[in-house]
2 protein chains.
Amino acid sequence: MSVEVPPRAERFPAGPAAAARRVSGTDVARAAGVSQRTVSRVVNNFPQVSPDVRRRVQRAIEDLGYRPNSAARSLLLGRTRTIGLLTVGSTAYGPASLALATERAVRAAAYGLLVVNTVELDAESVETGLSALLDQGVDAVVVNEPTSTFRSRRHDLAVPVLSLSGPLELSATELVVASDEAGGVAAAVRHLLDLGHATVHHVGGPTEWPSARRRAQAWRAALEDAGREVPPVLTGDWSPASGYAAGRELARRPGVTAIFAAGDHLAFGVARALQEAGRRVPADVSLIGFDDVPEAAFMTRALTTVRQDLVGTAARGVEIVQAIEGRLDAGALETIPTRLVLRETTGPPPTPPPVPTPAAR
Amino acid sequence: MSVEVPPRAERFPAGPAAAARRVSGTDVARAAGVSQRTVSRVVNNFPQVSPDVRRRVQRAIEDLGYRPNSAARSLLLGRTRTIGLLTVGSTAYGPASLALATERAVRAAAYGLLVVNTVELDAESVETGLSALLDQGVDAVVVNEPTSTFRSRRHDLAVPVLSLSGPLELSATELVVASDEAGGVAAAVRHLLDLGHATVHHVGGPTEWPSARRRAQAWRAALEDAGREVPPVLTGDWSPASGYAAGRELARRPGVTAIFAAGDHLAFGVARALQEAGRRVPADVSLIGFDDVPEAAFMTRALTTVRQDLVGTAARGVEIVQAIEGRLDAGALETIPTRLVLRETTGPPPTPPPVPTPAAR
DNA sequence: CTGTTAGCGCCTTCAC
DNA sequence: GTGAAGGCGCTAACAG
């Protein structure tokens, strides 16, 4: 015996007890005594509809609970009014905030947002995720962090791709709207040098993260520009715990008077390690973070940090995606300013430079 | 002069220089010398296709970069293979983790996830967001936190609604898969009472949040069950800063020997306030949090807390949504166990009870 | 095993 | 100002 598939009429039985078939524009038209086309005109706010008919139709729409079928519309129009977000699967403040801001911007533009989180920056999950987005027919793709492994295949994508975290290096016609991380980092480093510090040490994020690499790169460039020594980088995984480990290491080294951490959470850990080692912030060591997370102002000493305008970044990015209307020849590279927020963790270096004492608490 | 809309032929010009129209199944069929239906069979892995034809078609698909049009498929099938997530627009650990877990579960089931973030728990944005999701034609809606204001209108929705954070109280046929917060809280309170504490104080989350109300409710019930005094609740906004404020208040009161905070970040703030007031944790005051955020184990004294299985919750929820296949008569109410994670912030109360001294550091 | 026909619900062109 | 046909790309049914 073969498997019997019930005929369509049986699976979608008509009649009172039927599983409610979704109401269509034709149903509304029938109820209002007009053509389906007129319903469409009302739904899309076309002017050439008499007020009376419009009311009648709107009434019927209300009564029947009609919602236009987006699939049918997409099929006809060739656009889904949907944007895909490919972001890193992390609850870290930066990516999470940017995802939130992207959702708001996208929805303000009356688009839907399909989200795909990658498993960290794993190449395969980036490819798979991008593919899933394209399969769903998104009109554009917004990429946040997952760019490092992104160039593994040729991507002659049929939709515009916007990167919110830096160049993708995929093609000449790419859309990039990103925070001026380099500018913020440079301001931080210069601020410390201006205070009289001989150099600035760096606690970086994981090197797989493009943002971590960019911040480290900018820090290095700022020091070299000033002709200062570039000390070796310690890297963590963005967590306070890893910052703490790096902080203990730095506390052990003599002559460390200024530290720039690639993320505020790293900075928290560094601060704690310094404190435990008896190095006062900022009297003995100055410290600057990055991100301006909400807690940053509530540290024992409020953290000096670099603030990004993530909301502005996402908004501008989505604006551009809208403006180009799917054209693939339009390139863009915009930078959203960042700001050094001066608080309580920076000051001039101690004179004479502190002698490393064994945990002088 | 009226606005001239170029005729279709002009907007989608044919010919070599044309803006590439998306390749359809028919194009593939032509290239492979088969019917369009056969292409469909290959794409959907139907068995009744000869290996030779299958290869030829797959080759053509590859060459042309064909992707099936999801809108056309959705239109025909009446399902979009898309699930909507209505979640609270917050970077707090709980909602963010659950959103992440939901995305993974949904995508593992080969669905897409449309995300809408509400502006906190504002009634209007909840309604608007839900509406946006339905307009996009999602097959089901997953609701995380935004339930408190959710019953403002009648919601005879045409799609199943799954709540991951507790009953929605919308209808008799609702799907709820949620962490056993009550069980976890009860375990925490009992643990403290078993250690000999007379009662347990509570620092709660914002009362608009259903999860905050449930945790406070469970704490109260546990105390009443044990016949203990129920002290007044202090509430915060989940932040360490608000926990700190509550902690200072509690440190001032004599006889406070045990505190349960509705979130780990609140607990961090409480811990800091206690420390500054010279109340040792756990020697003078025991402290339990909720969530088990990654940093919890890295506090000066590792935090005892209640861990939720958010990944399991989301996975089970999505599984159920899949299983009911869009039927609206299927109710469900499942509970995912939580676990009290004992670490270093709980112990017996001091004997004799500590006299409040002015900051005895 | 493969091709033909039909229609999902909507919006565009053309008639009235 | 409104209605009637047509087709977007796909899959169910049936034919061959």
Side-chain angles (χ1 to χ4, degrees), chain A residues 2-12 14 21-30 32-57 61 64 66-81 135-137 158, chain B residues 3-12 14 21-30 32-57 60-61 64 66-81 135-137 158:
Chain A
S2 65
V3 176
E4 286 197 70
V5 178
R8 187 182 184 88
E10 210 176 307
R11 281 177 298 138
F12 299 91
R21 186 184 57 83
R22 194 167 155 188
V23 7
S24 77
T26 311
D27 299 332
V28 175
R30 199 164 22 235
V34 297
S35 78
Q36 187 269 319
R37 181 65 188 105
T38 300
V39 174
S40 168
R41 279 192 265 256
V42 171
V43 167
N44 295 298
N45 273 315
F46 277 47
Q48 332 89 307
V49 180
S50 72
D52 173 49
V53 170
R54 185 179 296 274
R55 255 194 310 277
R56 241 172 43 227
V57 171
I61 288 176
L64 299 179
Y66 169 64
R67 282 177 192 277
N69 183 318
S70 63
R73 182 183 265 150
S74 298
L75 175 56
L76 190 59
L77 266 33
R79 301 177 304 122
T80 55
R81 284 206 80 79
D135 283 344
Q136 295 269 355
Chain B
V3 177
E4 288 198 69
V5 177
R8 188 185 186 84
E10 209 175 309
R11 281 178 296 139
F12 298 90
R21 186 183 57 82
R22 194 167 153 189
V23 8
S24 75
T26 311
D27 299 331
V28 175
R30 200 167 17 239
V34 297
S35 78
Q36 187 269 319
R37 182 68 185 103
T38 299
V39 174
S40 168
R41 278 191 266 255
V42 171
V43 167
N44 294 296
N45 272 315
F46 278 46
Q48 332 89 305
V49 179
S50 72
D52 173 49
V53 170
R54 185 178 297 274
R55 254 193 311 277
R56 241 173 41 228
V57 171
I61 288 175
L64 299 179
Y66 168 64
R67 283 179 191 275
N69 183 318
S70 63
R73 183 183 264 151
S74 297
L75 175 58
L76 190 59
L77 266 30
R79 301 178 305 122
T80 55
R81 285 207 82 79
D135 283 343
Q136 295 268 355

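Letters A, B, ... mirror the listed sequences (proteins, then strands); counts begin at 1.
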Report task. Please tell me which of the listed nucleotides, C:dC1, C:dC10, D:dC10, lies nearest to the side chain of B:Leu76? Result -> D:dC10
Requested in this report: Kindly say if B:Thr38 contacts the phosphate of C:dG3, meaning a side-chain N or O under 4.0 Å from OP1 or OP2.
Outcome: yes
Query raised in the report: Counting side-chain heavy atoms from CB outward, which of D:dG3, C:dC8, C:dC10 is closest to A:Val34?
Result: D:dG3
Query raised in the report: Rounded to the Å, how far apart are B:Gln36 CD and D:dA12 P?
Result: 12 Å
Requested in this report: Check whether any side-chain nitrogen or oxygen of A:Ser35 sits under 4.0 Å from OP1 or OP2 of D:dA4, and answer yes or no.
Outcome: no
Report task. Could you tell me which non-hydrogen atom of B:Asp27 sits nearest to which non-hydrogen atom of B:Val23, and how far apart they are? Result -> OD2-CA, 3.3 Å
Query raised in the report: Toward the 5' end of DNA chain C, which comes first, B:Leu75 or B:Val49, by nearest nucleotide?
Result: B:Val49
Report task. Tell me which nucleotide among D:dC10, C:dC11, C:dG9 gets nearest to the side chain of A:Leu77. Result -> C:dC11
Query - Main-chain N/O of A:Gly137 paired to A:Thr80 side chain as donor or acceptor, under 3.5 Å - result: yes
What protein N or O atoms touch nucleotides 14-16 of chain D N or O atoms at under 3.5 angstrom, if any, and at what distances?
none

Query - Closest heavy-atom pair and its distance - A:Gln136, B:Arg81 - result: NE2-O, 3.5 Å
Query raised in the report: When you measure from the side chain of A:Arg73, which nucleotide among D:dG9, D:dT11, C:dC10 comes out closest?
Result: C:dC10
Report summary line: Scanning both residues in full, the closest heavy-atom pair of B:Pro47 with B:Arg54 reads O-NH2, 3.9 Å
Requested in this report: Return yes if some donor-acceptor pair links the side-chain N/O of B:Arg22 with the main-chain N/O of B:Arg67 below 3.5 Å, else return no.
Outcome: yes
Query raised in the report: In terms of side-chain heavy atoms of A:Phe46, which of D:dG9, D:dG7, C:dT12 is nearest?
Result: C:dT12
Report task. Give the nucleotide from the list C:dT4, D:dC10, D:dT11 with an atom nearest to the side chain of B:Asn44. Result -> D:dT11
Report summary line: From the candidates C:dG9, C:dC11, D:dC10, the one with an atom nearest any side-chain atom of A:Ser24 is C:dG9
Query raised in the report: How would you label the contact of B:Arg37 with the nucleic acid (heavy atoms, under 4.0 Å): base, sugar-phosphate, or nothing?
Result: base
Report task. Report yes or no: do A:Ser70 and A:Arg73 form a side-chain donor-acceptor pair below 3.5 Å? Result -> no
